[in-house]
Undergrad: 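Once you've had a glance at the structure underneath, I'll fire off some questions.
Naming convention: chains lettered A, B, ... in sequence-line order (proteins, then strands); numbering from 1 in each chain.
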2 protein chains.
Amino acid sequence: MGKLSHMSAGEVGQAERRSGALLDHLARRMRLRSESVLAPLGLRPRHLVALTVLRTSGDISQQALAGTLQIDGTNVVGLLNDLEAEGLVERKRSAEDRRRHVVSMTETGTKRLREAECALATVENDVLSALSPVERETLYELLCRAASAPVTCAEAAAEGDPDSSC
Amino acid sequence: MGKLSHMSAGEVGQAERRSGALLDHLARRMRLRSESVLAPLGLRPRHLVALTVLRTSGDISQQALAGTLQIDGTNVVGLLNDLEAEGLVERKRSAEDRRRHVVSMTETGTKRLREAECALATVENDVLSALSPVERETLYELLCRAASAPVTCAEAAAEGDPDSSC
DNA sequence: TATTGTTATACTCTATAACTATA
DNA sequence: TATAGTTATAGAGTATAACAATA
């Protein structure tokens with residue numbers, strides 16, 4: 001309060017209503033709790049993120065996957081090595097451009113992802129305990145839609161693409 | 001599809017509707033983009049998370065802050081060193097228990113946080129471009145409420161508190 | 001003796017640079 | 001020459017362990 005009291009609630013409120021830090025905070029809590037639940041399934045939180053993205057995107061090149069996940073291409077290699085070793089994804093040389101590896105989820109991968117998500121119900125219940133079932137559903141839908149939007153040029157540039165055409 | 005076609009949409013849908021990975025994914029995209037915007041203000045995304053939590057919690061011990069942020073106490077030290085050097089927070093010895101440092105936001109800190117959040121409007125617009133203003137407002141409120149909930153015993157235990165009484 | 005905060009250190013994660021193969 | 005992927009390596013981030021002050 002104090003010196004800020006000359007501002008209307010609206011002025012302050014608009015600036016304060018930013019989701020970034022909250023998103024970071026909640027994601028961290030969820031991720032930490034998830035680790036122990038996912039360990040028995042041989043998965044780490046990052047694997048789940050990759051599988052979740054792959055389920056939505058379908059077959060995709062490693063570079064495109066790096067772009068969507070916003071992680072460096074070199075890290076995609078290790079990530080896919082893990083998933084492929086478990087038989088959850090497949091890498092196949094593209095017929096059109098033999099430099100490319102087309103990444104696709106296997107049936108085992110789809111099944112494992114589903115198992116993992118099932119096991120994570122408890123974690124989500126704890127971390128989102130303040131929300132009602134309907135609100136959790138709303139949250140899921142909003143996150144899902146936001147996450148499905150393509151990565152913008154500005155984001156790609158921030159990742160280190162100076163030749164970006166925008 | 002294929003072998004899964006014997007399952008009802010509901011069965012699959014329930015398991016698949018987990019927010020954890022989406023939260024992780026979106027938080028990452030937001031965080032990466034935020035860095036360049038926050039840099040001119042001398043802040044990093046993690047500083048913003050800490051300030052956001054401090055604004056809600058009010059005066060708090062370093063240990064309690066570590067618990068809420070779910071980061072190690074040793075890392076709180078460095079985090080607060082940064083923020084204190086910029087004059088955004090203060091550490092004061094507690095009168096009741098002189099082992100404790102009571103952390104509080106300064107007026108400068110409150111102001112800087114507001115500036116940062118204001119500057120982050122563009123980032124949020126980009127990352128949440130798929131959502132309408134009303135939906136973004138809904139998302140903010142849900143995140144805010146979920147984040148305000150106290151850290152559960154299970155979460156505290158996962159952080160390494162074997163003597164937790166639950 | 002137990003707890004709060006700090007420092008020193010080791011580990012994990014992520015990014016940068018050099019290499020192979022395809023185009 | 002440029003691009004997709006891989007490997008090796010260095011830098012940033014995070015946690016574990018030992019220490020000082022206070023309870």
Undergrad: Would you kindly give the CZ-to-C1' distance between A:R100 and D:dT3, to the nearest whole Å?
TA: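 So the two atoms are 9 Å apart, to the nearest Å.
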Undergrad: Whole angstrom is fine here: how far is it from NZ in B:K92 over to P in C:dG5?
TA: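 After rounding, the gap between these two atoms is 15 Å.
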Undergrad: What residues form a side-chain contact (heavy atoms from CB on, under 4.5 Å) with A:V53, not counting sequence neighbours?
TA: A:L65, A:T68, A:L69, B:H25
Undergrad: Using side chain to side chain contact (heavy atoms under 4.5 Å, CB included) as the criterion, point out the one residue from A:T110, A:V103, A:L88 that pairs with A:L54.
TA: A:V103
Undergrad: List the atom pairs, donor and acceptor, that lie under 3.5 Å between side-chain atoms in residues 38-49 of chain A and the rest of the protein, sequence neighbours left out.
TA:
| unit_1 | atom_1 | unit_2 | atom_2 | d |
| --- | --- | --- | --- | --- |
| A:H47 | ND1 | A:R44 | N | 2.9 |
| A:H47 | NE2 | A:D82 | OD2 | 3.0 |

Undergrad: Write down the distance between NE2 (A:H101) and P (C:dT20), rounded to a whole number of angstrom.
TA: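 Distance, rounded to whole Å: 16 Å.
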Undergrad: What residues, two or more places apart in sequence or in another chain, satisfy side chain to side chain donor-acceptor pair (under 3.5 Å) together with A:E115?
TA: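 Checked A:E115 against side chain to side chain donor-acceptor pair (under 3.5 Å); zero matches.
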Undergrad: With respect to the phosphate group of D:dA4, does any side-chain polar atom (N or O) of A:Q63 fall under 4.0 Å of OP1 or OP2?
TA: yes
Undergrad: Partners of B:E86 by side chain to side chain donor-acceptor pair (under 3.5 Å), sequence neighbours excluded?
TA: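 Partners of B:E86 under the side chain to side chain donor-acceptor pair (under 3.5 Å) test: B:R112.
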Undergrad: For the pair made of CG in A:D72 and P in D:dG11, what is the distance, rounded to whole Å?
TA: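 To the nearest whole Å, that distance equals 16 Å.
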Undergrad: Which residue lies toward the 5' end of DNA chain D, A:R28 or A:N81, if each is placed at its nearest nucleotide?
TA: A:N81
Undergrad: Over how many whole Å does the gap from B:R31 atom CZ to C:dC13 atom P extend?
TA: 14 Å
Undergrad: Quick check on contacts: within residues 39-54 of chain B, what sits under 4.0 Å from DNA chain D by heavy-atom distance?
TA: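 Going residue by residue through residues 39-54 of chain B, the ones with a heavy atom under 4.0 Å of DNA chain D turn out to be B:R44, B:R46.
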Undergrad: Between D:dG5, D:dT16, C:dT16, which one does the side chain of A:Q62 approach most closely?
TA: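 So the nucleotide nearest the side chain must be D:dG5.
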Undergrad: Taking side chain to side chain donor-acceptor pair (under 3.5 Å) as the definition, give me every residue that meets it alongside B:N75, ordered by chain and number, with sequence neighbours left out.
TA: none
Undergrad: Suppose we screen for side-chain contact (heavy atoms from CB on, under 4.5 Å). Which residues come up paired with B:R28, at least two apart in sequence or across chains?
TA: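 For B:R28, the residues satisfying side-chain contact (heavy atoms from CB on, under 4.5 Å) (neighbours in sequence not counted) are A:Q70, A:I71, B:R31, B:L32.
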Undergrad: Taking 4.0 Å as the cut-off, does a side-chain nitrogen or oxygen of A:R91 come that near to OP1 or OP2 on D:dT6?
TA: yes
Undergrad: Side-chain atoms of residues 139-151 of chain B: list all donor-acceptor pairs with protein atoms under 3.5 Å, sequence neighbours left out, distances to 0.1 Å.
TA:
| unit_1 | atom_1 | unit_2 | atom_2 | d |
| --- | --- | --- | --- | --- |
| B:R145 | NH1 | A:A130 | O | 3.3 |
| B:R145 | NH1 | A:E135 | OE1 | 3.3 |
| B:R145 | NH2 | A:E135 | OE2 | 2.5 |
| B:S148 | OG | B:C144 | O | 2.8 |

Undergrad: Rounding to an integer number of Å, can you tell me how far A:E35 CD sits from D:dA15 P?
TA: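 From A:E35 CD to D:dA15 P: 10 Å.
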Undergrad: Just N and O in the side chain of B:N75: are any of them under 4.0 Å from OP1 or OP2 of D:dA15?
TA: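 For D:dA15, OP1 or OP2 has a side-chain N or O of B:N75 closer than 4.0 Å.
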Undergrad: Taking CD from B:Q70 and P from D:dT14, how many angstroms apart are they, rounded to a whole number?
TA: 14 Å
Undergrad: Reading nucleotides 18-23 of chain D from the 5' end, what letters show protein touch, with B for base, S for backbone sugar-phosphate only, - for no heavy atom under 4.0 Å?
TA: ----BS
Undergrad: Please say which of B:N81, B:L79, B:L80 ends up in a side chain to side chain contact (heavy atoms under 4.5 Å, CB included) with B:V77.
TA: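 Exactly one candidate clears the test, B:N81.
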Undergrad: Rounded to whole angstrom units, what separation is found between the CG atom of A:D24 and the P atom of D:dG13?
TA: 13 Å
